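Data first, discussion second: the structure below is written as C-alpha cells.
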Amino acid sequence: MQPVSNIYPLLNQPKNVVITFHQKPDADAMGSALGLYHFLKQLGHTTTVISPTNWAVFLSWMPGCKKVLDYEMQTAKATETLNKAEWLFCLDFNTMDRTRKMSEILTGLPCTKILLDHHQQPQVEVFDYGISDVTKSSTSEMVYDLIIASGHADKINQNVAECLYAGVMTDTGSFRFTSTSASVHKMVAGLKETGLEHSHIHEELFDNFLESRFRFFGHVLLNRLEVFYEYNTALIVIPQIDLIKFNVKTGDTEGLVNFPLSIHGIKLAAIIIDRGDERKSSFRSKDGFDVNTFARKYFNGGGHFNAAGGKNSEPLEEVVRKFKAAIKENKEQLSSYQF
Ligand code: 5GP
Ligand code: MN
C-alpha cells in the first residue's frame with residue numbers, strides 16, 4: 001500500500017469514483033464518505049457513495065444521503081456503478097468482510113483501491129494507496145486531513161463541514177474519548193470558521209428517536225442486564241423477540257452498550273444481540289482492557305482498543321456461554337478493581 005499522499009497530484013484529473021464503508025454505517029462511516037463525496041464533486045469527479053447495507057434514519061439529514069445507493073436493495077445499479085469505477089475509496093473499515101455481500105465484488109474489482117481507516121490490523125495487501133492510522137479519532141478527521149494536505153482547504157464548504165463534523169463528533173463520544181487530540185479541536189475550529197452550525201447536528205443525531213426506542217432501552221436495562229462484579233463486567237443480552245416487540249430498527253441499539261460502562265467500577269461492557277441471521281456483539285472498555293484483541297479472539301471481530309465488535313453464527317445461548325468463559329479466561333486483566 002503506497003502512502004495516500006501519492007494520489008494528491010492525481011486528484012485534479014476527473015474520474016469515476018466510488019466511495020464505500022462498513023455495513024450498517026455509523027455517523028463516521030457515512031459522514032466521512034459524504035464529506036469526501038462533496039469534496040471530490042467540486043474537483044469534477046463523477047462520484048457515487050455505495051453502502052453495503054441500509055443505515056439508521058438518524059443519518060438521513062446528511063447532505064447527499066438520499067443519493068447513497070444501498071447495495072442490498074439496489075444491487076444491479078450498484079454493481080454497474082462499481083464496474084465503471086476507476087477509483088474505489090474504502091472508508092472506516094479494515095477488512096473487506098466488513099462490507100458483507102459486497103466483499104467479493106470489491107475484492108475482484110480491477111480499479112485503484114484507496115483505504116482511509118483508523119481501525120487496528122488493516123488488510124493492507126488489498127489496497128493500492130491509503131492510510132491506516134489508529135491514533136486518529138475518526139475517518140472523518142482523516143478525510144479532513146486529506147483535503148488540507150492536498151492543498152484544497154478552500155473546498156471545505158457547508159456540506160463537507162456538516163458531514164465531517166458529524167463523524168468526528170460521534171466517534172470521539174462528543175469530544176470525550178482519549179482520541180480527542182489537539183488536532184481534533186483544530187479541525188473543529190477550522191470547520192466552525194467556514195460557518196458550520198453544529199448544534200442542529202447534535203439534535204439530528206441524538207434528539208430524533210421514537211418513544212418506542214426509549215421504552216426498549218428501559219426494558220433492556222431493567223430485564224436484560226447482568227453485572228459480574230467479580231470480573232468488573234456488565235453484559236446485556238437481547239433475544240430477537242425484544243427486537244420484534246419494540247419494533248427496533250437499524251441504529252436503534254447504538255449507544256446502548258455505553259450505559260453499563262458508566263456503572264462504578266465496570267471495565268468491560270458488552271452487548272450481544274440476536275439479529276436472526278447472526279449474533280452481533282459490541283464491546284466497550286475503560287482502564288486498559290483491550291477489546292480489539294478480545295473481539296478478535298472470541299467473536300470473529302475487531303475494532304479499536306476501547307470499542308470493538310464481532311459476530312457469531314452459533315445460537316444466542318452458545319455465544320453467551322462463550323462470553324462468560326472468555327471473561328473467566330481474562331480474569332486477571334479484568335479483576336483488578338475491588339468494589
Ligand atoms: P460497534 O460496537 O459500534 O458495532 O463497533 C465498534 C467498533 O468495532 C467500530 O469501530 C466497528 O467498526 C468495529 N466493529 C464492530 N463489529 C465488528 C466486526 O464484526 N468486525 C470487525 N473487524 N470490527 C467490528
Ligand atoms: Mn470510525
Side-chain angles (χ1 to χ4, degrees), residues 19-36 51-53 55-56 58-59 89-100 103 115-124 126 131-145 163-174 177 179-180 184 187 205 235-236 238 250-261 268-273 275 277-285 290-314 319 323:
I19 305 170
T20 192
F21 38 66
H22 60 78
Q23 61 139 339
K24 303 279 176 189
D26 56 6
D28 186 37
M30 188 63 91
S32 59
L34 286 172
L36 183 62
S51 173
T53 63
W55 53 88
F58 60 74
L59 300 178
F89 279 92
C90 295
L91 266 48
D92 205 38
F93 67 88
N94 49 356
T95 55
M96 283 293 183
D97 70 348
R98 295 282 288 133
T99 64
R100 276 204 174 199
S103 167
L115 173 74
L116 299 178
D117 181 53
H118 64 137
H119 294 90
Q120 310 215 1
Q121 292 133 302
Q123 208 180 357
V124 282
V126 179
I131 178 160
S132 155
D133 186 348
V134 296
T135 69
K136 284 288 165 187
S137 65
S138 54
T139 305
S140 296
E141 185 189 353
M142 300 171 84
V143 170
Y144 181 82
D145 291 349
C163 296
L164 297 185
Y165 180 82
V168 70
M169 184 267 284
T170 52
D171 255 28
T172 55
S174 303
F177 302 150
S179 59
T180 313
V184 166
M187 165 187 172
L205 291 167
L235 170 67
I236 291 172
I238 303 183
T250 298
D252 279 349
T253 55
E254 203 164 304
L256 196 43
V257 67
N258 295 316
F259 283 90
L261 196 64
L268 169 63
I271 185 166
I272 304 172
I273 306 173
R275 293 209 181 279
D277 53 344
E278 65 182 19
R279 265 47 64 201
K280 172 79 186 87
S281 43
S282 287
F283 307 103
R284 300 290 184 272
S285 68
D290 176 6
V291 286
N292 169 53
T293 304
F294 187 79
R296 269 171 198 278
K297 189 163 173 197
Y298 306 101
F299 299 94
N300 314 307
H304 310 286
F305 192 91
N306 291 125
K311 54 194 171 316
N312 292 74
S313 55
E314 304 94 313
V319 182
F323 178 82

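Remember, it's 1-based here, ligands and their atoms both numbered in the order they're listed. We number each residue from 1, following the sequence as shown. Note that the structure is a prediction, hence the values are computed from the model and not measured.
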Over all atoms of both residues, closest heavy-atom pair of G302 and N292:
CA-OD1, 3.5 Å
In short, H304 meets A308 closest at the heavy-atom pair O-CB, 3.9 Å
Could you check atom 11 (C) of ligand 1 against the protein and tell me its nearest heavy-atom contact, residue, atom and distance included?
R98 NH2, 3.4 Å
Show the nearest heavy-atom pair for residues T99 and F21, with the distance to one decimal.
CG2-O, 3.8 Å
Ligand 1 versus E254, non-hydrogen atoms closer than 4.0 Å: side chain, backbone, both, neither?
neither
Decide whether the shortest distance between a heavy atom of R284 and an atom of ligand 1 is less than 4.0 Å.
yes
Which residue and heavy atom of the protein sit nearest atom 10 (O) of ligand 1, plus the separation:
H119 NE2, 2.6 Å
Top protein contact for atom 7 (C) of ligand 1, by heavy-atom distance:
A307 O, 3.6 Å
Mind listing the closest non-hydrogen atom pair of R279 and E314 along with its distance?
NE-O, 2.7 Å
With the side chain counted from C-beta on, respond yes when F305 and V134 share a heavy-atom pair under 4.5 Å apart, and no when they do not.
no
Any nitrogen or oxygen of G302 lying under 3.5 Å from a nitrogen or oxygen in ligand 1? Just yes or no.
yes
What protein heavy atom sits nearest atom 15 (C) of ligand 1, and how far away is it?
G309 CA, 3.4 Å
Over 60° means perpendicular and under 30° means parallel, so classify the ring planes of F299 and F283, tilted if in between.
tilted
Sub-2.8 Å protein N, O or S atoms surrounding the Mn ion (ligand 2):
D28 OD2, D92 OD1, H118 NE2, D171 OD2
Just checking, any donor-acceptor pair under 3.5 angstrom between side chains of H118 and N94?
no
Check whether any heavy atom of K280 sits under 4.0 Å from an atom of ligand 1.
yes
So, R296 and Q120: side-chain donor and acceptor under 3.5 Å apart, yes or no?
no
Which residue owns the protein heavy atom closest to atom 2 (O) of ligand 1, what's the atom, and how far is it?
S282 OG, 2.6 Å
Distance alone, cut at 3.5 Å: any donor-acceptor contact between the side chains of D28 and S140?
yes
Are the side chains of P52 and R98 in touch, meaning some heavy atoms are under 4.5 Å apart?
no
Salt bridge R100-D277, side-chain N to carboxylate O under 4.0 Å
yes
What's the shortest distance from atom 19 (O) of ligand 1 to any protein heavy atom, and which residue and atom give it?
G310 CA, 3.4 Å
